[in-house]
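Here the structure comes first, spelled out in structure tokens, and everything after it is commentary.
We use all heavy atoms of the structure for the numbers below, so side chains are in, but hydrogens, waters and symmetry mates are not. A, B, ... follow the sequence lines: proteins, then strands. Residue 1 opens every chain. All figures in this text were calculated on a predicted structure; none of them were measured in a lab.
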Number of protein chains: 4
Amino acid sequence: MSLRQKKAEKKKEEIIQSALSIISEKGYHATTMEDIAAKLLMTKGSVYYYFKDKQDLLFESQKMLLEQSIANIEKVVFEDLPPVEKLDATMIIHMEYLISERTGFTMGARPEQLFAEEQLNDILELREKYSKYFDDLIKQGIEDGEFMEIDIRLVRNIILGAMNYMIDWYSPKGSKSKSELAEAISNYLLRILIKDPK
Amino acid sequence: MSLRQKKAEKKKEEIIQSALSIISEKGYHATTMEDIAAKLLMTKGSVYYYFKDKQDLLFESQKMLLEQSIANIEKVVFEDLPPVEKLDATMIIHMEYLISERTGFTMGARPEQLFAEEQLNDILELREKYSKYFDDLIKQGIEDGEFMEIDIRLVRNIILGAMNYMIDWYSPKGSKSKSELAEAISNYLLRILIKDPK
Amino acid sequence: MSLRQKKAEKKKEEIIQSALSIISEKGYHATTMEDIAAKLLMTKGSVYYYFKDKQDLLFESQKMLLEQSIANIEKVVFEDLPPVEKLDATMIIHMEYLISERTGFTMGARPEQLFAEEQLNDILELREKYSKYFDDLIKQGIEDGEFMEIDIRLVRNIILGAMNYMIDWYSPKGSKSKSELAEAISNYLLRILIKDPK
Amino acid sequence: MSLRQKKAEKKKEEIIQSALSIISEKGYHATTMEDIAAKLLMTKGSVYYYFKDKQDLLFESQKMLLEQSIANIEKVVFEDLPPVEKLDATMIIHMEYLISERTGFTMGARPEQLFAEEQLNDILELREKYSKYFDDLIKQGIEDGEFMEIDIRLVRNIILGAMNYMIDWYSPKGSKSKSELAEAISNYLLRILIKDPK
DNA sequence: AATGAATGAGGTTTCATTCAT
DNA sequence: GATGAATGAAACCTCATTCAT
């Protein structure tokens, strides 16, 4: 990739970051192209140089967010660790990413409302892939005899829901730090799975 | 209340129901007054007879939703039941209400973004009241020795998060019915609390 | 139709007239919704109350123009006159309409560029219908032995082209009046057809 | 002219050709600098190296088109031929040029709308010059006794209108070739003029 | 010479809101 | 009470134009 292309790529990422943070704060529809541009001291026009339309920017943002999240947990998922520790680590990574980026997976509307056709497919597939890592970790734990025989999909949704909700209530002013909270939540959630919790 | 007032009150509720269901589907900003009116075969002009503005309608809707939800779980909370069963019943009621109304507590944006001043206070207080019922149930369970000593607020948020997430993934086409799911989830979540799960 | 509907219908026609005259002056793309509204002392917003979008307004305008033109020449076409006189009258009507409305059939772009699918079909069919009246008149003249055996479609296009071009060069300041011009042109064009011109 | 200048001149012509064909297809306002550049695998930035602005490009294009057209018919006009044949040949050249370049003299708007001052004058003069050749041919025919005494300007406009309309209806898929059509049309139009048509 | 990037003016469109009837 | 009509602010988006490289 040429220097130019690299620069352009970097700019796109900057815009995406800006978009993600504002969308996660206000929701998709309340976020204006002006908002996104202004945060980067750009004009709307420039944003349109990089993205076809708002829809496109949303899609690219959502895609990047999911891809980063996937890359993020893959760091742990492929390590050689016992299932419990692995799931624990994965959950913690998920929550810390969530909080530090202040960026949830939600956009203030169902994906079905925001995307159509191929775009929707792409997003759903990435979500699927992400979820599957959790499912696999749970499954492994069951096979290893450490987890109980539970409804994998259901429990995975419980876990994701509990974690993602953090973005709604977390405040840096609280008595517990981000990490402490993540660890605590992870521990509580593991109790659903572990055969013989202490 | 005169007959006229009663009629007006009924109409207001109808509008609120319409608003709630569409907002929960599309998010606040994507929902137009037109949408809300059209669902009731009204014109948007009429809606303004009953509500000062969109903001007002949103506020009243959210308030009613929370008040109904509170009334809803109060049916169980004040019964004479052991804590485990009570919490179990409360969670199930919460989830069934969620699904049957297809109406989450989220509006596609943070309450802080949508409300200001007094309105915000009212809403936060109602949320607080709702949450407190869960906190109290948990506390009672701990005092009775049935639940472990856990961080009440944290676990309550885990529970609410896990339950509310249902609206994102629940589909009536699934193999389990709404009730079966609610029961299963409730059971899983109780494992976080119960001292000696079977 | 209720009084209200009638009024609305009248308003739509007003807007269409405004649109037609400006579009015929400036071309479709150079004509702004603002222009159209301003000419009627309305705001853009109001225009959108009556027409879905600019495209829609263009389509309705073009349709009305063609329908009016058709109705216009039908007044003569169905009369009981010898072919030569009939064609003569029809051409004159065509030209006088053109000039008095200062509204050509052209919109500054090919219909294929402006319309798609059904809309395009509708427009082309109306054009076809209009052309066919000319073709029929010519055909009748040939059958009656008054016109020569010529390529009907070709000659019809010559006639239409020659007439429509008027809008490009006609000026009220010229030495001949609108009617005189129309008659003169009609006479010249008939020479192409008539077997034995004096 | 230096080699460099020649190259630049050639590039300008390429751009003009591109502009002409797109403008004649879409109309001036719907044609973007991007369109024009893209057709030549250039970027719009480059076009600005050769032309001051869009206006300028339009003017140069229109000027070149008219100059070429004039040079085009001058090939015949100055030949030594009887008036009828000369006018016939001129018309045919006009039509063939029109079709082969797929470029009419119209730009989707009146020249008065697009040009101002000097530019407008230049264009109108060239148009005038072009028209005058037709007028002169007709006049010659009248003086030679081959054409009837008609309103020269009027008939010239009929002829131009009929010919230029071709671009609206001509399709290469038709049963007659471009040349056959041009000849047929020319013949029909001559009937308006010739004293004693066979 | 050429181009990628940026800009801003202006156009289209949406929608909460108002109001006369 | 209800509604059709109108409005204007604000959003999205396009594109001619400029400019540093």
Contact list please: residues 23-34 of chain B against DNA chain E, heavy atoms, distance less than 4.0 Å, in numerical order. B:T31, B:T32, B:M33
Examine distances only and state if a side-chain atom of B:S69 and a backbone atom of B:L65 form a donor-acceptor pair shorter than 3.5 Å. yes
Considering every strand shown, what is the Watson-Crick or G-U wobble mate of E:dT21 when both distances are under 3.5 Å? F:dA2
Between the side chain of A:S18 and the main-chain N/O of A:I36, is any donor-acceptor distance below 3.5 Å? yes
Among residues 7-16 of chain B, which ones have heavy-atom contacts with DNA chain E below 4.0 Å? none
Would you say the side-chain atoms of C:S61 pair up with the backbone N or O of C:L57, donor to acceptor, closer than 3.5 Å? yes
Interatomic spacing from CG in A:L20 to CD in A:E60 - rounded to 0.5 Å: 11.0 Å
Who does E:dA1 pair with, Watson-Crick or G-U, both distances under 3.5 Å? none
Rounded interatomic separation in angstrom, taking CZ from B:F51 and P from F:dA2: 13 Å
Report the distance from atom CG of A:D56 to atom P of F:dC12, rounded to the nearest whole Å. 14 Å
Nucleotide F:dT3, atom P - distance to CG of C:L3 in whole Å: 18 Å
Any donor and acceptor pair, going by atom type alone, linking the side chain of B:E13 with main-chain N or O of B:K10 inside 3.5 Å? no
Separation of E:dA2 P from D:L40 CG (nearest whole Å): 11 Å
By the definition side chain to side chain donor-acceptor pair (under 3.5 Å), identify the one residue from C:D35, C:T31, C:T32 that meets it with C:K26. C:D35
B:A37 and B:T43 have their tightest heavy-atom pair at CB-C, 3.6 Å
Hey, could you give me the NZ/CZ distance between A:K63 and A:F115, rounded to the nearest 0.5 Å? 11.0 Å
Compare side-chain N and O positions of D:S46 against OP1 and OP2 of E:dT3 and report whether any pair is under 4.0 Å apart. yes
Does the ring of B:F59 carry B:K54 above it, NZ/CZ under 6.0 angstrom from centre and within 45° of its axis? no
Heavy-atom closest pair, residues A:Y48 and A:D53: CE2-CA, 3.9 Å
Starting from P on E:dC15, measure out to CG on B:L57 and report it in whole angstrom. 16 Å
Distance in Å, A:S21 OG paired with A:K39 NZ, rounded so as to fall on 0.5 Å steps: 2.5 Å
Any side-chain N or O of B:Y49 less than 4.0 Å from the OP1 or OP2 oxygen of F:dG1? no
Considering only heavy side-chain atoms of A:Y50, the closest of F:dT7, E:dA5, E:dA2 is E:dA5
Under 3.5 Å, which protein N or O atoms sit close to an N or O of nucleotides 18-21 of chain E? Give each pair with its distance.
none

Any sub-3.5 Å donor-acceptor pair from D:Q5's side-chain atoms to D:S2's backbone N or O? yes
Rounded to whole angstroms, how far apart are NZ on C:K54 and P on F:dC13? 17 Å
Of B:L41 and D:Q55, the one whose closest DNA chain F nucleotide lies more 5': B:L41
